[in-house]
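Notes follow once the structure below has been shown.
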Amino acid sequence: MHIVFLGAPGSGKGTQAQRLKDHLQIAHLSTGEMLRHAEEEGTKLGHEAARFMHAGQLVPDEVVVGIIFDRLMAKDCERGCLLDGFPRTVPQAEALDGMLAERRTPLDMVVALDVPESLLEERLLSRGRADDDPGTIRERFRQYHDLTQPLLDYYQAKGILRRVNAKGTPDEVFDRISRVIEYAGNPQFAGKSQS
Ligand code: B4P
């Protein structure tokens with residue numbers, strides 16, 4: 001099973017993907033985490049990515065696509081994976097389609113987390129990561145609107161977009177996501193969520 005988590009900065013992609021991977025027993029691929037790890041390790045890639053992340057900008061497509069391509073080839077992704085924060089642009093989505101078509105493993109679902117922007121800013125400011133200061137947050141929202149939001153139409157047209165209200169506690173949001181996945185016929189969730 002291949003699932004993409006889509007949402008604005010701070011919408012809870014990482015928070016929810018972490019929970020879901022334990023239920024589905026599939027790999028969790030977070031491009032944000034991979035890039036921050038590369039920065040901590042002081043690699044050339046990390047150094048280059050940090051310039052963009054600290055400015056609130058997206059890292060260039062070819063860099064992120066290269067990382068995901070290598071990671072998708074790993075053994076732990078054979079049963080599928082949860083993509084958290086990738087794709088974030090239409091060219092990234094097209095590259096993912098190409099990669100999955102080569103493996104003959106279609107993308108099953110795109111879960112879009114909907115949260116009002118005022119709440120997002122509050123969450124990010126209280127998280128306090130290096131890229132969470134007010135100026136950087138504004139730029140990250142701008143990039144989201146310009147480059148990532150068009151993916152909602154992209155996946156809607158493919159019929160695999162599922163929008164989830166991501167306002168509320170992490171438990172409440174997880175319950176809604178579980179229902180969406182259960183509805184799509186995943187047996188791991190049968191009987192878990194209440195309506
Ligand atoms: P990411 O690491 O993906 O970070 P994010 O969008 O800020 O956060 P996320 O939605 O995962 O929110 P989280 O669960 O942490 O990206 C960071 C940067 O990496 C990007 O800006 C970009 O530069 C680069 N990058 C990553 N992928 C890329 C790509 N594909 N292409 C190009 N560049 C890329 O939650 C946020 C906070 O809210 C946390 O403190 C959490 O505890 C809290 N929270 C979560 N759910 C909550 C809830 N329901 N209620 C209250 N608080 C909640």
Side-chain angles (χ1 to χ4, degrees), residues 3-22 28-40 45-72 81-97 99 107 110-151 154-155 163-178:
I3 301 177
V4 162
F5 268 12
L6 195 64
S11 55
K13 301 180 291 293
T15 305
Q16 297 299 331
Q18 194 63 41
R19 291 170 174 231
L20 195 57
K21 77 152 195 191
D22 295 335
H28 167 206
L29 273 50
S30 158
T31 36
E33 260 175 37
M34 289 177 205
L35 296 168
R36 280 189 293 280
H37 180 70
E39 183 187 1
E40 277 160 25
L45 162 74
H47 206 68
E48 192 191 338
R51 276 195 303 126
F52 293 96
M53 290 193 287
H54 293 193
Q57 288 168 356
L58 295 185
V59 173
D61 288 338
E62 60 275 17
V63 174
V64 189
V65 167
I67 301 176
I68 282 288
F69 188 82
D70 288 346
R71 195 56 192 81
L72 269 178
C81 66
L82 268 178
L83 291 154
D84 154 14
F86 180 92
R88 260 176 154 101
T89 65
V90 171
Q92 289 182 19
E94 289 168 347
L96 177 64
D97 285 346
M99 285 184 243
L107 183 56
V110 175
V111 177
L113 301 179
D114 291 329
V115 186
E117 203 159 298
S118 54
L119 200 60
L120 290 173
E121 196 171 345
E122 217 175 274
R123 283 187 190 176
L124 291 173
L125 287 171
S126 61
R127 180 174 65 181
R129 221 166 55 191
D131 54 349
D132 287 339
D133 70 87
T136 314
I137 290 173
R138 262 196 306 279
E139 177 60 16
R140 290 169 68 193
F141 284 154
R142 204 181 62 80
Q143 298 252 316
Y144 173 75
H145 291 307
D146 292 354
L147 301 170
T148 309
Q149 247 176 357
L151 290 180
Y154 182 90
Y155 287 121
R163 297 190 80 143
V164 172
N165 170 10
K167 212 175 125 182
T169 66
D171 281 348
E172 286 165 346
V173 178
F174 185 66
D175 219 46
R176 288 178 206 135
I177 294 172
S178 305

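Just so you know, ligand 1 is whichever comes first in the structure, and atom 1 is the first atom listed for that ligand.
Residues D97 and Y154 are in side-chain contact: their nearest non-hydrogen atoms beyond the backbone lie under 4.5 Å apart. Here the side chains of D84 and Q18 are not in contact, with every heavy-atom distance at 4.5 Å or above. Contact of the L83 side chain with the L96 side chain is registered, since non-hydrogen atoms from C-beta on lie closer than 4.5 Å. Inter-residue side-chain proximity for I67 and T31 is flagged as unmet; no heavy-atom pair is nearer than 4.5 Å. Looking only at side-chain heavy atoms (C-beta outward), L58 and Y144 stay at 4.5 Å or farther from each other. The shortest distance between side-chain heavy atoms of I137 and P9 does not fall below 4.5 Å. You'll find the side chain of L35 stays beyond 4.5 Å of the side chain of F52, heavy atoms only.
Taking atom 19 (O) of ligand 1 as the reference point, the nearest protein heavy-atom neighbour is M53 SD, 3.6 Å. Atom 27 (N) of ligand 1 has its closest protein heavy atom at T31 OG1, 2.8 Å. Nearest protein neighbour of atom 4 (O) of ligand 1, counting heavy atoms only, is R129 NH2, 3.5 Å. Nearest non-hydrogen protein atom to atom 33 (N) of ligand 1 is V59 N, 3.1 Å. Counting only heavy atoms of the protein, atom 50 (N) of ligand 1 lies nearest to G168 O, 3.3 Å.
Across the listed options L35, V64, L58, I68, L35 owns the non-hydrogen atom lying nearest to atom 24 (C) of ligand 1. For atom 1 (P) of ligand 1, the choice among K13, E33, R88, M34 with the nearest heavy atom turns out to be R88. The closest heavy-atom contact to atom 22 (C) of ligand 1, among the options Q57, R127, R140, R123, comes from Q57.
Ligand 1 has no atom lying under 4.0 Å from any heavy atom of Q16. The closest approach between any non-hydrogen atom of R36 and ligand 1 is below 4.0 Å. The closest approach between F52 and ligand 1 stays at or above 4.0 Å for every heavy atom of the residue.
Interface atoms of ligand 1 facing T169, defined by a heavy-atom separation under 4.0 Å, are 49 (N). Atoms of ligand 1 lying under 4.0 Å from any heavy atom of S11, numbered from 1 in the order shown and given with element: 10 (O). Near G14, meaning under 4.0 Å from any of its heavy atoms, are these atoms of ligand 1: 9 (P), 11 (O), 14 (O). Remark: ligand 1 atoms within the under-4.0 Å shell around heavy atoms of G10 are 5 (P), 6 (O), 7 (O), 8 (O), 9 (P), 10 (O), 12 (O), 36 (C).
The shortest N or O to N or O distance between L124 and ligand 1 is not below 3.5 Å. Where the criterion is an N or O separation shorter than 3.5 Å, residue side chain and backbone included, P9 fails it with respect to ligand 1.
Sparse packing is recorded around NE2 of H47, with 12 or fewer heavy atoms of other residues, nucleotides or ligands lying under 6.0 Å away. Environment of CZ in R129: crowded, with over 12 heavy atoms of neighbouring residues, nucleotides or ligands closer than 6.0 Å. Around the NE2 atom of H145, the shell of radius 6.0 Å holds more than 12 heavy atoms that belong to other residues, nucleotides or ligands.
Contact annotation for T15 and ligand 1: heavy atoms of both the backbone and the side chain come within less than 4.0 Å of the ligand. Looking at Q92 against ligand 1, only its side chain comes within 4.0 Å, counting heavy atoms. At a heavy-atom cutoff of 4.0 Å, ligand 1 is contacted by no atom of E172, backbone or side chain. Neither the backbone nor the side chain of Q143 comes within 4.0 Å of ligand 1, counting heavy atoms alone.
For the residue pair L45 and A38, the shortest heavy atom distance occurs at CD2-CB, 4.0 Å. A93 and P87 get closest at one heavy-atom pair: N-CB, 3.4 Å.
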